[in-house]
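Some notes on the structure that comes next.
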Amino acid sequence: MVLLTEKTHIYVLSDSIGETAELLAKAASIQFDQYLIGEIHKYSFVSEKYQFDEIIDKASTHNSMIVYTLVKSESREYLASQSAKRNVVAIDALGPIIKVLAYLSKSEPKREVGLNRKLNDEYFEKVESVEFAVKYDDGKDPRGILKADIVLLGISRTSKTPLSMYLAYRNYKVANIPLVPEVAPPKELFQISSKKIIGLTNDPEKLNTIRIERLKDMGMKSNSTYANMDRILSELDYAHQLFTKLRCPIINVSAKAIEETASIITSIVSNDNDY
């Protein structure tokens, strides 16, 4: 016989990590005084009947309940029936939601274990890629060249940073290197496959317009060397010589949106096609 003073224990089990069921159990238990609620016992990657039986046996010795997230319907049905036989309260935290979604969407669920974990992994990979792009933006640290999935090269105003960030959101680790005739290119560029390197260029007239606007934004005179056409042509020539030396693909970004250029880049990197 269960005493009224006995703390209520919660058994959390899942065929994956069990984070969802655990969060629900914690969210519910926090609404009660601590002296009333006992431990939350979590069991991850539970899928066999004997495992369900062992957990039900343990739960039956306490004033307890089971909270579970199981993808497969046969697992849910087995746990529910066996818990009922042992007079253990079992709460299906996932099944009712799946059932309603299936009804509303007029489709069947995938019933694949670990999809939530896969989504979490993809999220953290994306965060890591964005942090990588920030760390190795604008040639801050040439060591990033050796670690990157994609290396973007180009003179100023060839969309290196926007492309790096856009590609990072698509889970690519991108480093970008600004090219200046007076500065030797990083030696690391010659230590990686040319298939990872993308040369970015732009039309000189467009570069002239963009750079003049950039100077205005910075409160500088528009006749600066930075926007001088001869200087722009010199930089473009230097960049193309380096691209030829590296034997890397070249993309003119002048008439392309970021999304279009990014799509071309990923196609080149993924398929190893020449552009």
Side-chain angles (χ1 to χ4, degrees), residues 129-170 172-190 192 194-269 274-275:
S129 296
V130 171
E131 289 176 345
F132 187 96
V134 172
K135 183 176 181 179
Y136 298 110
D137 178 48
D138 206 32
K140 291 175 184 174
D141 186 347
R143 291 176 297 181
I145 294 171
L146 303 177
K147 305 173 185 177
D149 300 319
I150 301 170
V151 178
L152 303 179
L153 302 181
I155 65 174
S156 178
R157 304 293 103 184
T158 50
S159 302
K160 296 185 300 298
T161 296
L163 278 167
S164 293
M165 297 307 298
Y166 185 88
L167 290 165
Y169 277 104
R170 296 182 65 178
Y172 288 93
K173 290 183 173 65
V174 185
N176 74 76
I177 307 296
L179 300 180
V180 182
E182 294 78 15
V183 179
K187 65 181 185 300
E188 287 83 357
L189 288 173
F190 301 93
I192 64 172
S194 60
K195 295 175 182 177
K196 290 186 175 183
I197 303 172
I198 303 292
L200 301 175
T201 188
N202 207 335
D203 291 342
E205 294 79 10
K206 188 164 185 177
L207 278 171
N208 178 251
T209 301
I210 294 172
R211 290 189 177 190
I212 289 174
E213 290 301 316
R214 176 63 175 160
L215 289 171
K216 288 179 181 178
D217 291 341
M218 297 172 65
M220 300 174 66
K221 295 180 179 179
S222 60
N223 61 355
S224 167
T225 304
Y226 177 70
N228 180 273
M229 183 58 79
D230 288 338
R231 171 65 184 186
I232 290 171
L233 291 171
S234 174
E235 289 183 26
L236 286 171
D237 183 60
Y238 167 74
H240 278 267
Q241 287 183 38
L242 179 61
F243 297 157
T244 301
K245 190 174 183 180
L246 292 168
R247 302 178 67 184
C248 67
I250 304 171
I251 302 175
N252 189 321
V253 302
S254 62
K256 295 180 178 65
I258 293 294
E259 296 83 357
E260 183 182 358
T261 306
S263 179
I264 295 170
I265 291 171
T266 55
S267 176
I268 293 171
V269 173
D274 293 328
Y275 180 72

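Because the structure is a prediction, the values reported are computed rather than measured.
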From [atom1] ([X]) to [atom2] ([Y]), nearest 0.5 Å:
| X | Y | atom1 | atom2 | answer |
| --- | --- | --- | --- | --- |
| R231 | N208 | CZ | CG | 14.0 Å |
| L189 | K196 | CG | NZ | 12.5 Å |
| T158 | L179 | OG1 | CG | 7.5 Å |
| I210 | N202 | CD1 | CG | 5.0 Å |
| E235 | I155 | CD | CD1 | 4.5 Å |
| I265 | L167 | CD1 | CG | 5.0 Å |

Residue list, side-chain contact (heavy atoms from CB on, under 4.5 Å) with [X], at least two apart or on another chain:
| X | answer |
| --- | --- |
| P204 | M229, I232, L233, L236 |
| R214 | R157, M218, Y226 |
| K173 | E128, S129, F132, D149 |
| K245 | F190 |

- Task: Could you tell me which residues satisfy side-chain hydrogen bond (donor to acceptor under 3.5 Å, both in side chains) with R143, sequence neighbours excluded, listed by chain and number?
- Result: D141

- Item | Under the side-chain hydrogen bond (donor to acceptor under 3.5 Å, both in side chains) test, residues paired with D237 that sit two or more places apart |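 Scan of D237 (side-chain hydrogen bond (donor to acceptor under 3.5 Å, both in side chains), adjacent residues dropped) gives Q241.
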
- Query: Which heavy atom in A133 sits nearest to a heavy atom in M165, and how many Å separate them?
  - Reply: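 Taking every non-hydrogen atom into account, CB-SD, 3.8 Å.
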
- Query: If every non-hydrogen atom of H240 is compared with every non-hydrogen atom of I250, which pair is closest and at what distance?
  - Reply: ND1-CD1, 4.0 Å

- Can you check side chain to side chain contact (heavy atoms under 4.5 Å, CB included) on L153 and K160, steps first, answer last? CA-CA 7 Å; L153 302 181; K160 296 185 300 298; 6.0 Å; no

- Message: The test is side chain to side chain contact (heavy atoms under 4.5 Å, CB included); show your working for T261 and S159 and say whether it passes.
- Response: CA-CA 10 Å; T261 306; S159 302; over 6 Å; no

- Is it true that the side chains of N252 and T201 contain a donor and an acceptor less than 3.5 Å apart? no

- Does one side chain, of N176 or S164, offer a donor that lies under 3.5 Å from an acceptor on the other? yes

